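All values reported here derive from a predicted model rather than from experimental measurement. Chain A is the first sequence line, chain B the second, and so forth, proteins listed ahead of strands; every chain is numbered from 1.
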There are 2 protein chains.
Amino acid sequence: MEAVTIKDIARALNLSTSTVSRALRDSYEISPETKRLVMDYAERINYQPNPIALSLKENRSRVLGVIVPQIANNFFSQAINGIEAVAYERGYHVIIMQTHESLEREILTVQQAVARRVDGLLISISSQTTNVAHLQAIQQRNVPIVMFDRVSAEMDTPKIVADNFGGSFAATEHLIQTGRRRIAFVAIPPFMAITQDRLAGYQAALSQYGLPYDEDLVRFVGFGEHELAPIIDQLLDLPHPPDAFFMAFDRLALGCMTALRNRNVAIPEQVSLIGFTNISVADLLDPPMSTVVQPAQEIGHTAAERLIELIELKQKPSAPLPTRPNPVSIPNQLFIRESTRRGV
Amino acid sequence: MEAVTIKDIARALNLSTSTVSRALRDSYEISPETKRLVMDYAERINYQPNPIALSLKENRSRVLGVIVPQIANNFFSQAINGIEAVAYERGYHVIIMQTHESLEREILTVQQAVARRVDGLLISISSQTTNVAHLQAIQQRNVPIVMFDRVSAEMDTPKIVADNFGGSFAATEHLIQTGRRRIAFVAIPPFMAITQDRLAGYQAALSQYGLPYDEDLVRFVGFGEHELAPIIDQLLDLPHPPDAFFMAFDRLALGCMTALRNRNVAIPEQVSLIGFTNISVADLLDPPMSTVVQPAQEIGHTAAERLIELIELKQKPSAPLPTRPNPVSIPNQLFIRESTRRGV
DNA sequence: TTGTATGCGTTATCAT
DNA sequence: ATGATAACGCATACAA
């Protein structure tokens with residue numbers, strides 16, 4: 001069974017395709033009877049306009065490109081969830097592409113998205129991305145871009161991020177308020193804004209509570225498989241070791257928990273542990289880990305809204321670009337989880 | 001900067017669009033010099049063929065529709081990862097849509113996908129889906145469908161599923177071999193094949209080891225928020241309570257762990273717990289939970305391969321449909337995790 | 001109120 | 001070896 005077109009309707013009803021087209025779009029210049037006739041028939045044979053033909057005509061695809069490092073990652077899958085919800089509601093579809101933390105893949109993927117004629121791009125850059133020329137290039141080709149979570153200071157686009165400074169401040173503050181004094185801070189290398197912001201929040205909290213900033217306690221770890229454990233070991237082996245760990249990234253927080261367990265370091269008796277995470281089972285971890293949870297879904301939601309706004313603004317070049325605070329930051333939630341370990 | 005078309009190239013080079021088109025496709029009927037001229041120029045001005053125009057002409061979109069209950073779910077996001085990898089490699093893109101476990105949404109979503117002219121559909125049906133008329137309808141419209149994970153016996157399509165029987169058998173066998181005799185089995189309502197298969201694996205293991213099948217120990221729980229805890233309570237309060245819990249679904253396994261914790265039931269001292277799960281941090285749970293892990297990525301991979309095969313077969317109607325075992329089942333992995341809880 | 005013709009970007013068919 | 005034209009499905013400017 002082939003798809004039915006306007007032509008089929010026109011032929012069946014002895015009308016021209018333009019009449020049918022206009023009737024279907026409820027144009028004022030078509031008589032009510034003809035409209036009814038056409039509409040009914042279209043309904044009956046289950047006519048569905050071909051969006052591809054429309055796209056060609058209108059030079060828009062109604063597709064948003066979403067580029068993330070990984071789909072199979074709690075933060076990003078939740079963000080995509082938020083994006084998809086908004087897109088669906090506004091009549092857009094979402095094409096999802098992964099970079100696998102590779103700049104090379106990211107460049108290819110961005111080109112692919114443009115080649116696919118997406119109406120706009122939502123991107124969270126890979127950890128390798130220190131140069132954003134590929135993004136600036138497509139921006140010059142007039143493709144609206146919104147960045148989220150992993151954003152670059154060098155891009156002049158809307159940016160939707162979690163309140164990384166605030167979340168980091170709150171986590172550090174919590175540790176201080178529960179009596180910790182030597183708080184290790186571990187993050188990924190600091191060329192991404194997200195890292196810088198989290199470091200700044202940590203520093204600000206220390207400063208506000210009159211604690212010294214000790215560079216020995218601040219470490220940056222790459223994306224290799226086995227890079228974290230030695231760093232945790234080094235920290236524990238310091239002459240004056242930390243009494244708390246603040247792990248500024250999801251993966252690091254979970255890795256730290258494993259590393260501490262392997263070293264038989266008790267939490268929170270010996271050291272306290274808090275991390276940014278987006279896993280849904282943080283309660284069930286051993287021990288339950290206090291976490292700063294980023295509002296992934298809301299970030300996706302906001303980013304998609306902003307992008308669609310940009311896209312639809314582009315259609316009517318009359319309207320002025322609205323000025324907005326940039327980047328938009330969305331509050332994190334801080335979950336303090338007490339150990340519920342049962343007595344033995 | 002507008003997108004450059006074949007016309008632009010033709011105009012610039014004083015050629016006809018057909019010559020340019022042929023040159024770009026490396027047709028034998030174009031002179032080498034012209035080819036080089038066109039290719040070089042196209043390269044220089046960064047010509048990208050418009051896939052929308054191609055789609056219209058070729059009546060195919062090179063898009064796969066993927067319909068899942070939720071994106072933000074470890075199993076599905078991993079499966080999508082597998083799908084995306086294959087699609088990318090084969091020159092397809094993936095549009096992802098969610099049903100949120102609602103049949104109503106599923107019906108709408110399937111229609112949307114067809115309206116979008118996807119070349120084929122990968123679907124994992126919602127838990128509400130007891131009737132598959134909407135899928136049969138689009139199958140009659142000649143849209144290739146492959147089902148994965150949550151499949152329906154009433155659909156005549158390729159089906160890619162985990163080895164639910166085998167995984168369930170292995171989990172039950174493990175519990176028996178570690179000395180458990182009264183093994184509770186909890187699953188979602190049994191109209192989905194996936195549930196039936198898991199129940200059958202459980203029954204088969206009991207039978208093989210000469211244990212009785214006790215209906216009191218088998219429970220089905222719906223998708224409500226607070227349905228599980230009372231069921232766990234009931235089981236624990238039986239005159240002859242279970243000494244092990246086998247939770248046949250991810251969500252149930254995690255919920256059971258919480259419920260047992262709330263009841264202060266020690267694992268594995270008092271009861272053993274094993275579940276199907278796809279979370280990546282199962283090691284870090286308290287206690288570490290033994291799990292049957294479905295090969296989500298491989299399921300996605302296989303499903304996408306099968307779908308693309310169907311799609312490309314449809315193009316050349318000469319070739320016969322290959323007969324394949326149906327459904328295809330992919331082995332699970334059983335992870336036995338010993339408690340590593342440190343002494344206090 | 002309805003019909004005819006044109007164009008969106010591309011390729012296939014049929015000239016030349 | 002290259003060019004002109006039609007067609008994919010739709011919307012619209014222009015005619016009637």
Side-chain angles (χ1 to χ4, degrees), chain A residues 1-39 41-42 45-63 91 114-119 141-142 315, chain B residues 1-39 41-42 45-63 91 114-119 141 315-316:
Chain A
M1 187 164 119
E2 280 307 296
V4 30
T5 74
I6 274 191
K7 260 189 203 167
D8 299 324
I9 302 180
R11 201 176 316 122
L13 266 42
N14 253 316
L15 292 169
S16 74
T17 58
S18 38
T19 303
V20 173
S21 172
R22 281 184 280 232
L24 288 172
R25 322 198 85 240
D26 204 18
S27 161
Y28 67 98
E29 37 185 3
I30 298 294
S31 75
E33 307 87 64
T34 311
K35 270 187 200 168
R36 159 141 277 113
L37 193 68
V38 171
M39 302 265 216
Y41 185 73
I45 66 172
N46 192 25
Y47 167 77
Q48 313 253 75
N50 184 332
I52 295 173
L54 257 190
S55 289
L56 182 60
K57 181 138 225 342
E58 298 183 351
N59 199 28
R60 57 142 59 183
S61 58
R62 289 202 161 271
V63 169
V114 175
R116 265 270 161 192
R117 304 300 200 265
V118 297
D119 285 345
R141 294 181 62 175
N142 211 15
Q315 313 290 327
Chain B
M1 186 167 121
E2 280 306 296
V4 28
T5 74
I6 275 190
K7 261 190 201 165
D8 299 324
I9 301 179
R11 202 177 312 122
L13 264 42
N14 252 315
L15 291 169
S16 73
T17 57
S18 25
T19 304
V20 174
S21 172
R22 279 183 284 228
L24 289 170
R25 324 195 84 238
D26 204 21
S27 161
Y28 67 97
E29 36 184 3
I30 299 292
S31 77
E33 308 87 64
T34 311
K35 269 187 201 170
R36 158 142 277 114
L37 192 68
V38 171
M39 301 266 216
Y41 184 73
I45 65 171
N46 192 24
Y47 166 76
Q48 312 252 72
N50 183 330
I52 294 173
L54 260 188
S55 289
L56 183 61
K57 185 138 215 358
E58 298 182 350
N59 198 28
R60 56 138 65 183
S61 58
R62 288 205 163 270
V63 169
V114 174
R116 265 268 161 195
R117 303 303 200 261
V118 297
D119 284 346
R141 294 181 61 173
Q315 314 289 329
K316 358 181 173 177

Seminar exercise, completed: At a 4.0 Å cut-off to heavy atoms of chain B, the contacted part of DNA chain C spans C:dC8 to C:dC14
Exercise. Mind checking whether A:R22 and A:T34 have side chains closer than 4.5 Å, heavy atoms only?
Worked result: no
Exercise. What is the distance, rounded to the nearest whole Å, between atom CG of B:L13 and atom C1' of D:dA1?
Worked result: 15 Å
Exercise. Is there side-chain contact between A:R25 and A:I30, with at least one heavy-atom pair below 4.5 Å?
Worked result: no
Exercise. Just checking B:L15: base, sugar-phosphate only, or nothing, at a heavy-atom cut-off of under 4.0 Å?
Worked result: sugar-phosphate
For this session: Assign each of B:S18 and B:K57 to its nearest nucleotide of DNA chain D by heavy atoms, then name whichever residue's nucleotide is nearer the 5' end.
Result: B:S18
Exercise. Should A:R141 and B:N46 count as side-chain neighbours, where that means a heavy-atom distance under 4.5 Å?
Worked result: yes
Exercise. Considering all heavy atoms of both residues, which atom of A:S61 and which atom of A:R117 are nearest to each other, and what is their separation?
Worked result: OG-O, 2.6 Å
Exercise. Under 4.5 Å between any side-chain heavy atoms of A:V63 and B:R116, yes or no?
Worked result: yes
Exercise. Which of residues 19-34 of chain A have a heavy atom under 4.0 Å from DNA chain D?
Worked result: A:S21, A:R22, A:R25
Exercise. In whole Å, what is the span from the CZ atom of A:R11 to the P atom of D:dG9?
Worked result: 10 Å
Exercise. What is the distance from CD1 of A:I6 to P of D:dA7, rounded to the nearest Å?
Worked result: 18 Å
Exercise. OP1 or OP2 of D:dA7 sitting under 4.0 Å from any side-chain N/O of A:K7?
Worked result: no
Exercise. The helix from C:dT1-D:dA16 to C:dT16-D:dA1: angle between its terminal axes, five pairs each, to 10°?
Worked result: 60°
For this session: State, yes or no, whether a side-chain contact exists between B:T5 and B:N50 at a heavy-atom distance under 4.5 Å.
Result: no
For this session: Could you check whether B:N50 gets within reach of a base, just the sugar-phosphate, or nothing at all, counting any heavy atom under 4.0 Å?
Result: sugar-phosphate
For this session: Have a look at B:N14 and say if it touches a base, only the backbone sugar-phosphate, or nothing, with a 4.0 Å heavy-atom cut-off.
Result: sugar-phosphate
For this session: Supply the atom-to-atom distance B:S21 OG to B:L15 CG, rounded to the nearest 0.5 angstrom.
Result: 12.0 Å
For this session: Figure out the CD/P separation between A:Q48 and D:dG9, and round it to whole Å.
Result: 15 Å
Problem set entry | Flag side-chain contact, heavy atom, 4.5 Å: A:S55 against A:R62 | no
Exercise. Rounded to the nearest 0.5 Å, how far apart are OH of B:Y41 and CG of B:D8?
Worked result: 7.5 Å
For this session: Provide, to the nearest angstrom, the distance between the CG atom belonging to B:N59 and the P atom belonging to D:dC10.
Result: 11 Å
For this session: Report yes if some heavy atom in the side chain of A:L13 is under 4.5 Å from a heavy atom in the side chain of A:V20; otherwise report no.
Result: no
For this session: Report yes if some heavy atom in the side chain of B:L56 is under 4.5 Å from a heavy atom in the side chain of A:K57; otherwise report no.
Result: no
